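Let me begin by presenting the structure, written as structure tokens, before commenting on it.
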Amino acid sequence: MSQSFEEISAQLKKRHRRSARMKWMTMGALILSAAFLVVFISDMVVRGWPAFQQAQLQVEVSYDEQSQKLPLAAVDEDVRPLISRGFFRSLPREMENNPELMGTTQTRWVIADSRVDQFLKGNEDRLRPADKETLQALVEDGRAALKFNTTFFTTGDSKMPELAGIASAAIGTVMTMLVTMAVCFPIGVMTAVYLEEFAPDNRLTQLIEININNLAAVPSILFGLLGLAIYISFFGVPRSSPLVGGLTLALMTLPVIIISTRAALRSVPDSIRHAAFGVGCSRWQVVRDHVLPVSLPGILTGSIIGLAQAMGETAPLIIVGMVAFIPDASISITDASTVMPAQIFTWASEPNSAFAEKTAGGILVLLAVLIFLNALAVWLRNKFERRW
Amino acid sequence: MNDTTLQNFQTQQDPPTASKDAARDPYTQAPTPDKGQPVTRNENVEENLSVRVRDLNLWYGDHQALKDISIDIFANTVTALIGPSGCGKSTFLRCLNRMNDLINSVSIKGLVEMDGHDVNARGMDEVALRRRVGMVFQKPNPFPKSIYENVAYAPRMHDMVSRKADQDELVERALRDAGLWNEVKDKLHEPGTSLSGGQQQRLCIARAIAVRPDVILMDEPTSALDPISTATIEDLMDKLKKDFTIVTVTHNMQQAARVADYTAFFHLGEMIEYNATKQMFSNPHTKKAEDYITGRYG
């Protein structure tokens with residue numbers, strides 16, 4: 001005899017309870033990870049936001065022959081300790097470049113010393129009492145304020161926190177990534193095309209496949225050692241250069257690109273290949289005209305995510321010497337350079353609280369770039385995605 | 001075909017009844033004097049040979065899927081291949097344009113001759129072969145491109161057209177021949193996949209005839225379509241045989257009876273009977289074919 005609805009419902013109750021429990025548990029996992037993310041990002045924003053602001057003072061600067069010889073003389077004696085040494089260093093050159101300033105006195109905003117900066121942000125108080133009084137007077141007159149920090153985005157590293165910026169590290173990152181992309185995108189995609197579309201399925205290709213999958217899981221610092229041994233010691237590529245850094249990261253990214261490209265190629269239905277072979281395409285025509293266009297979004301997404309991963313990588317770059325003090329950016333791929341994560345690493349080891357906020361600020365910039373790259377990956381996928 | 005039907009089949013076969021007409025006894029002798037020729041030719045029609053197959057054997061690894069197939073396919077006819085699932089008819093069809101090359105474990109022995117050339121010969125380029133032997137698949141598989149591109153792609157690839165105007169003309173002609181022009185002429189640049197299933201299949205036919213092949217292979221072209229689209233495709237096959245030789249695999253025996261001039265019946269990798277369709281469906285020479293056609297198994 002079959003069971004009545006009441007009997008069946010009684011049994012079902014337990015099953016429904018279990019599925020409800022699982023639903024709450026899985027949802028809890030999502031909420032937990034989202035909470036971690038929110039805490040992390042808001043902490044970074046709170047700590048890093050001050051790095052985008054900078055204390056500036058409005059002072060009278062007298063451009064005369066004396067201040068050309070002795071820049072300190074250009075401003076009043078009592079505000080002198082409040083102003084960044086960097087300003088005084090740049091003064092003679094400024095006068096050289098703008099001869100019309102000679103003999104005039106300008107009231108202008110100048111970058112304050114980092115102690116002033118930190119005092120105004122309420123972080124630490126290392127000013128002498130006399131200087132503090134002067135500063136307070138300036139603040140009351142509205143002649144000392146926190147302004148948007150353009151220096152942070154336009155200069156390289158410096159021992160003076162108020163002059164340190166992320167620009168040269170950003171340029172280093174861009175060049176390193178260009179080298180990485182130029183090397184590993186074509187090689188990775190072509191390797192995957194060969195393995196997926198041309199190679200016979202035999203022991204050798206299976207062995208290669210297993211090894212590529214294993215390479216993707218190798219700790220990145222080992223790639224740094226490999227880069228040191230091969231590129232620097234054997235081929236003599238200049239150390240600390242974007243060239244060696246990019247090549248090292250290319251080693252690391254190659255397996256990721258190969259694996260994601262193979263997955264993208266494999267997801268193209270065979271019916272498209274058959275249709276193309278059926279009208280008389282050669283194998284390369286099948287790949288170029290039909291398989292690659294369809295799998296392009298997947299390939300691009302995988303490659304961009306691989307590159308974004310490489311961009312955040314520090315360990316292998318430490319080994320090849322890219323954690324360097326680089327005040328001025330060079331746009332040659334063979335000159336010494338540093339990258340954003342390495343710059344953050346350098347700042348993080350400074351004891352000064354002014355550098356601590358630079359660390360967080362650098363992380364924010366790096367995160368912004370990574371989010372931009374991932375958004376680009378999503379956009380490319382949507383743009384090129386086609387239905388069949 | 002399941003095991004019980006197979007057993008039934010074998011018990012019928014053994015022992016053969018002596019009283020049977022010798023010409024209709026399928027099991028003791030080959031049905032035709034020259035193995036490749038159909039038992040009965042269509043009367044009063046001059047038909048030229050298009051593809052000649054002799055003693056074709058094919059193995060998937062150790063499994064022999066085709067056994068000593070010999071068949072003559074005539075130009076400007078529709079030849080239907082029928083038989084139960086797994087009998088090798090699709091495999092045979094794919095031998096004619098060497099699509100089986102794409103499968104690693106396949107080995108082939110025997111002659112498939114077209115225009116005096118052995119298509120399996122070392123010197124034969126499979127790309128050249130597929131240029132002359134087009135194919136339409138079971139599931140409509142237009143390229144993920146526009147309707148226009150679907151048709152124009154292959155002729156352009158084979159350098160058949162150089163000017164844009166020629167290309168437009170060729171696309172229009174192929175779509176007209178495939179009976180699709182009136183339905184798509186206003187939306188040539190929409191994706192081919194936006195069409196209905198039957199239209200997609202006709203687009204695939206237009207794609208195949210755009211390169212003006214000699215032979216068009218159709219692998220169950222209507223099995224994924226509704227009855228009305230099926231009827232449209234069948235009409236189309238009838239029209240297209242004026243210009244092309246059509247070989248079609250079908251599960252639908254009424255379809256074979258409706259569209260085919262010749263029908264070949266396959267069973268377990270062997271070709272049991274090859275005959276003019278009228279003869280095959282009214283008075284088959286072999287008992288296996290008769291049993292299959294009358295629906296006793298399959």
Side-chain angles (χ1 to χ4, degrees), chain A residues 189 192-210 261-301 380-388, chain B residues 93-94 96-105 125-146 149-160 174 190-194 200-201 203-213 216-219 224:
Chain A
V189 171
V193 165
Y194 176 73
L195 285 174
E196 213 42 53
E197 304 289 332
F198 290 95
D201 186 23
N202 57 25
R203 281 275 168 79
L204 183 67
T205 48
Q206 281 164 11
L207 191 72
I208 291 173
E209 185 176 347
I210 291 170
T261 304
R262 290 191 68 178
L265 292 175
R266 214 172 298 162
S267 71
V268 176
D270 265 344
S271 65
I272 290 180
R273 289 189 186 85
H274 287 165
F277 279 121
V279 295
C281 287
S282 66
R283 228 168 232 281
W284 170 236
Q285 284 171 323
V286 173
V287 173
R288 186 193 61 194
D289 295 343
H290 302 287
V291 177
L292 280 181
V294 173
S295 55
L296 196 63
I299 294 174
L300 288 178
T301 309
L380 282 173
R381 162 175 287 179
N382 291 339
K383 183 170 173 0
F384 290 112
E385 190 132 73
R386 285 187 242 190
R387 309 250 157 252
W388 55 83
Chain B
L93 190 77
R94 292 155 62 89
L96 301 183
N97 69 343
R98 280 179 56 182
M99 284 297 268
N100 286 320
D101 286 13
L102 302 178
I103 303 165
N104 277 329
S105 58
D125 189 337
E126 75 271 19
V127 172
L129 175 68
R130 290 179 197 139
R131 162 86 175 67
R132 296 191 63 184
V133 184
M135 189 155 190
V136 176
F137 296 83
Q138 182 171 2
K139 258 177 66 187
N141 56 351
F143 295 135
K145 300 175 188 293
S146 71
E149 261 310 292
N150 261 283
V151 183
Y153 173 76
R156 200 171 55 227
M157 181 183 69
H158 293 301
D159 290 325
M160 291 171 65
E190 281 177 31
T193 44
S194 66
Q200 284 190 25
Q201 195 62 301
L203 179 61
C204 292
I205 292 173
R207 178 177 71 190
I209 62 183
V211 294
R212 312 309 292 176
I216 300 174
L217 309 177
M218 298 191 178
D219 190 356

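Letters go in sequence order (proteins before strands), and every chain restarts at 1. The structure displayed is predicted, hence computed values, not measured ones.
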Between B:M157, B:R131, B:R132, B:M135, the one whose heavy-atom pairs under 4.5 Å with chain A are most numerous:
B:M157
Shortest non-hydrogen pair, A:A275 vs B:F143, comes out as CB-CE2, 3.7 Å
Looking at B:V127, B:V136, B:N104, which has the largest count of heavy-atom pairs under 4.5 Å with chain A?
B:V127
How close do A:H274 and B:L102 get, heavy atom to heavy atom, and via which atoms?
CD2-CD1, 3.8 Å
Among A:A276, A:C281, A:P200, the residue with the most heavy-atom pairs under 4.5 Å to chain B is A:C281
Do side-chain atoms of B:H158 reach the backbone of A:V279 as a donor and acceptor pair under 3.5 angstrom?
yes
Can you measure from CZ (A:R273) to CG (B:N141) and round to the nearest 0.5 angstrom?
12.5 Å
Write down the atom of A:F277, the atom of B:R130, and the distance for their closest heavy-atom approach.
O-CD, 2.9 Å
